[in-house]
Amino acid sequence: MRKLFIVLAILPLFALAQIKDKIQKIDSVLNYLYQHQLFNGTVLIGEKGKVLYKKAFGMSAAVNGKPLSTTSSFNLASVSKQFTAMMIMILKEQGKLQYDDAVQKYLASFPYESITIRQLLTHTSGLPEYFDVAERYMNLLDTLTNANMLALLADKKPSLVFKPGEKWEYCNTNYTTLASIIEAVSGMTPDKFFEQHIAKPLKLNNTFIYSIKMKTSPSSRIFGFHYENGEPVAEDLVWMDGIMGDGAVYSTVEDLYKWEQALYTGKLIKKTTFNDALTPAALNNGKATQYGFGWFIDEPGVKVSHTGSWVGFRNLIVRYLQKNQTLILLDNSRNTRARAIVTNILEDKSYVLPETQLITNVQLIDGTGMAAKKSSIRLIDNRIYATGELSPFPNETVIDGKGMTLAPGFIDSHSHHDWGLEKNTDAVAATNQGITTIVVGQDGESKPVDTLKKMITDHPVSINVASYTGHASLREKTMRGMLLRAADSSEVNEMKKLLIDDIQKGSLGLSTGLEYEEGFYSTRDEVIELAKAAAGAGGRYISHIRSEDINLETSLDEIINIGREAKLPVQISHFKIAMRSKWGNANRILARLEAARAEGIDITADCYPYTMWSSTPRVLFPKKDFSNPVSASYATEELFDPSASVMTHFPANTKYEGKTVTEIAAMNNETAPAALMRLIKEGEEKGGSIAGASMSDEDVISFLKWNYTNVCSDGADGGHPRGYGAFTRILGRYVREKKIMPLETAIYKMTGLTAEHLGIHNRGLIMPGYYADLVLFDPVTVSDNSTFTDSKALSSGIAMVWVNGKIVYRDQKPTHEHPGVFIRRND
Ligand SMILES: [Zn+2]
């Protein structure tokens, strides 16, 4: 007996200690959020009629705002709905209306016969949202009122969103209509009725309905704002705010607590009448919703709540009915974070405090092409929060940019850095040159989106990955291993299905590698059919075109025609002229693309800054006649320079690796064409890679400078030096040394333009709200160091790289942070 007694005595003490701990935690969290411009407002926590916590943080307006106090009146926005519902319940107790009366009984002009008052109270009417109706039909210079909203509904009779009672859908029109009913039934305007029947009896001295039709407002009224790049900017009432019922009640945390406590009593209406407000409404089919009269029923009998969001205001009221515990949180800075965090602390749930970091003293290049400017930038978690002249918050992590340039992280529109990425998760090949997002699935070869996503989940990586769906990979799945032919119509249909499925899962679109044998034997129609399917699913098209040398012109015709027929954006990848006698024709080719653009075809390109490519030597035989000596001679004369082209990888005979084709010919006492045929024959089984010298620097520069060309690497971790140095080579060799374009333009071609070409959102620019993918570099020293003999040499001048707000590369070393994500189309 004694033991039990002790336990019973300790329990309330324990609960008391627990709530004290929570309040302490909430106070420190609110202070933290306030100091980080993430909360500005007032909070009250009460239990059984006692105030446990009450505090005001911040200011009452963007400009000249007095400090807030717990008697400051906030615009409650949708938290007002519980008051509108109460006024209807009062009228019901007075016997002036019934919940199941048709609205038309009181508002003769209301154009929907079967809608009842109850359906308005519970958001089951099917009425359309009044914001949309008003914006569509009204002169935006007029103030919107309940009367002209009702007239608009009567006049236009917009169709219902669903049949009354069939569904639940939150809609403000329900409550503006209720306000009109209150006026019709009581003969008083809703604000007067509110004052007389709610505010006065409960002594809510700083609570009132206010609309912009009223010229003056009580002195306790405060104003909404939001932070823009660290500065408060006013955000308060607009032309719509002449209307009442859905919002427009102003109140304080203190008054709201009085109101909330009165709901446990019969002060305004009988307790039994009020029970309806906290009972989940039922649909026609009997299914319960999660809404009563002006209240969300989170858990019947346990927890009810409502949020309110309008202009700068973000409010919350939560009632824990069994404990008689209440949380009231009002914010006038458009910040929502405090709502969830404070609720979670009260409910013993976990929460994460947002973290910020400040990067100061940088030349900011934002990725739009605009001129660099001195700035600071603040990150919050994985996003950009603000830019401009920003001073540090208390205890904030500050990184001194030392006057270097800060740009959006580079996006590589054609990458093979996914090869081996699951082992090589730091992806230094990409990050050392400032790349934060790679786009894979190129040249017709891809892994299914599901496989890629799983790979990144199982092996987190430091960079973001997006992917196209490869044409050859689709052929491999559907053509029973016989790829050296055109697909038949049933195979094309099967490919279409797989393609659409992959695009719906997040692939950017279709990629082809039509110069490779796996794609080469497809017909133009096969590719157009697939491109049309990609277009229908919202995807794009990127291509290693059918020929980059002898049939370059007809191959360009093909991709232009795909854009025309399939009506989707098309991109020529690793744009080049790989044939000696055609060098110098870049501008003529670009004129042709400009003509296609003028015709309305969205054709773009990407390009890497090297005169050597890397591929299989088989691409040197445009007709795929690998043992024809005439074709081999043509290749050595026209398509590449055998004395400058190096076998980078040749497992069948590693003695050839690092040697030029001319040197290999000498080793075997044969001509260069004969050596080329030998390499194809001996490499038939195990393959091989050649770095082919076959472009002119003038053409490369012309292509890079085209307004619709973005930069790519086409690189992997090793092999061709582009894998480690393409982007830094542009910044050092082409921008600083050759001055082919301003630095801002080059950055635009690595970031903002690239994101546009790929359809990637919220990356590629330094703007508040965008993901914090960033690169800090020194434009005076930045350069590539990788070569064919030292292909993994790290770039100079890249000081720091952030991916999703985390530093992944610093002082030429990976940090082993792996915040990379899979980027889905339309993310
Ligand atoms: Zn390619």
Side-chain angles (χ1 to χ4, degrees), residues 411-419 429-430 435 438-447 466-476 483 507-522 527 531 540-552 555-556 558-559 562 570-579 603-622 624 639-640 645 648-649 687-695 699-700 703-704 709-723 726-727 754 757-758 791:
I411 302 173
D412 188 354
S413 63
H414 184 128
S415 162
H416 300 287
H417 290 107
D418 57 325
W419 296 342
I435 295 169
I438 59 169
V439 181
V440 304
Q442 301 291 346
D443 303 311
E445 291 284 348
S446 70
K447 295 188 185 78
S467 181
Y468 281 91
T469 304
H471 173 219
S473 297
L474 295 173
R475 299 184 110 233
E476 276 150 24
L483 304 187
S507 146
L508 301 177
L510 175 66
S511 99
T512 58
L514 300 179
E515 192 170 28
Y516 297 105
E517 285 139 272
E518 295 83 354
F520 184 77
Y521 295 95
S522 63
V527 181
R540 300 162 173 261
Y541 179 81
I542 194 165
S543 182
H544 176 149
I545 58 177
R546 222 174 269 264
S547 164
E548 299 181 319
D549 41 62
I550 186 164
N551 292 315
L552 175 62
S555 302
L556 291 172
E558 179 175 14
I559 190 169
I562 289 167
V570 293
Q571 176 142 324
I572 304 162
S573 220
H574 47 57
F575 202 11
K576 63 172 77 76
I577 300 174
M579 184 166 167
I603 187 162
T604 57
D606 57 42
C607 183
Y608 56 73
Y610 296 85
T611 53
M612 293 179 80
W613 46 256
S614 174
S615 192
T616 155
R618 295 167 78 88
V619 296
L620 291 165
F621 290 81
K624 317 295 173 204
L639 305 185
F640 78 120
S645 300
T648 51
H649 181 62
S689 306
I690 182 171
S694 66
M695 293 169 257
D699 289 337
V700 170
F703 287 151
L704 284 171
T709 301
N710 66 262
V711 174
C712 75
S713 78
D714 195 5
D717 190 5
H720 193 296
R722 64 196 179 193
F727 284 71
T754 317
H757 286 175
L758 299 166
S791 67

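Every number for a ligand or one of its atoms is a count from 1 in the order of the listing. Values reported hereafter were calculated over all heavy atoms of this structure, with side chains retained and with hydrogens, waters and symmetry mates removed.
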Query - Polar contact flag, side-chain donor to acceptor under 3.5 angstrom, D714-H416 - result: yes

**Report entry** Contacts of type salt bridge (charged side-chain N to carboxylate O under 4.0 Å, His left out), residue D699, not counting sequence neighbours
**Finding:** none

Query - Ring-face cation contact, Y608 with R722, 6.0 Å cut, 45° max - result: yes

Query raised in the report: Going by atom types alone, do S415 and S713 pair a side-chain donor with an acceptor below 3.5 Å?
Result: no

Report summary line: Residues at least two apart in sequence or cross-chain that pass salt bridge (charged side-chain N to carboxylate O under 4.0 Å, His left out) with E548, listed by chain then number, are K576

Query raised in the report: With a cut-off of 2.8 Å, how many protein N, O or S atoms neighbour the Zn ion (ligand 1)?
Result: 3

Query - For S573, side chain to side chain donor-acceptor pair (under 3.5 Å) partners two or more places apart - result: H414, D606

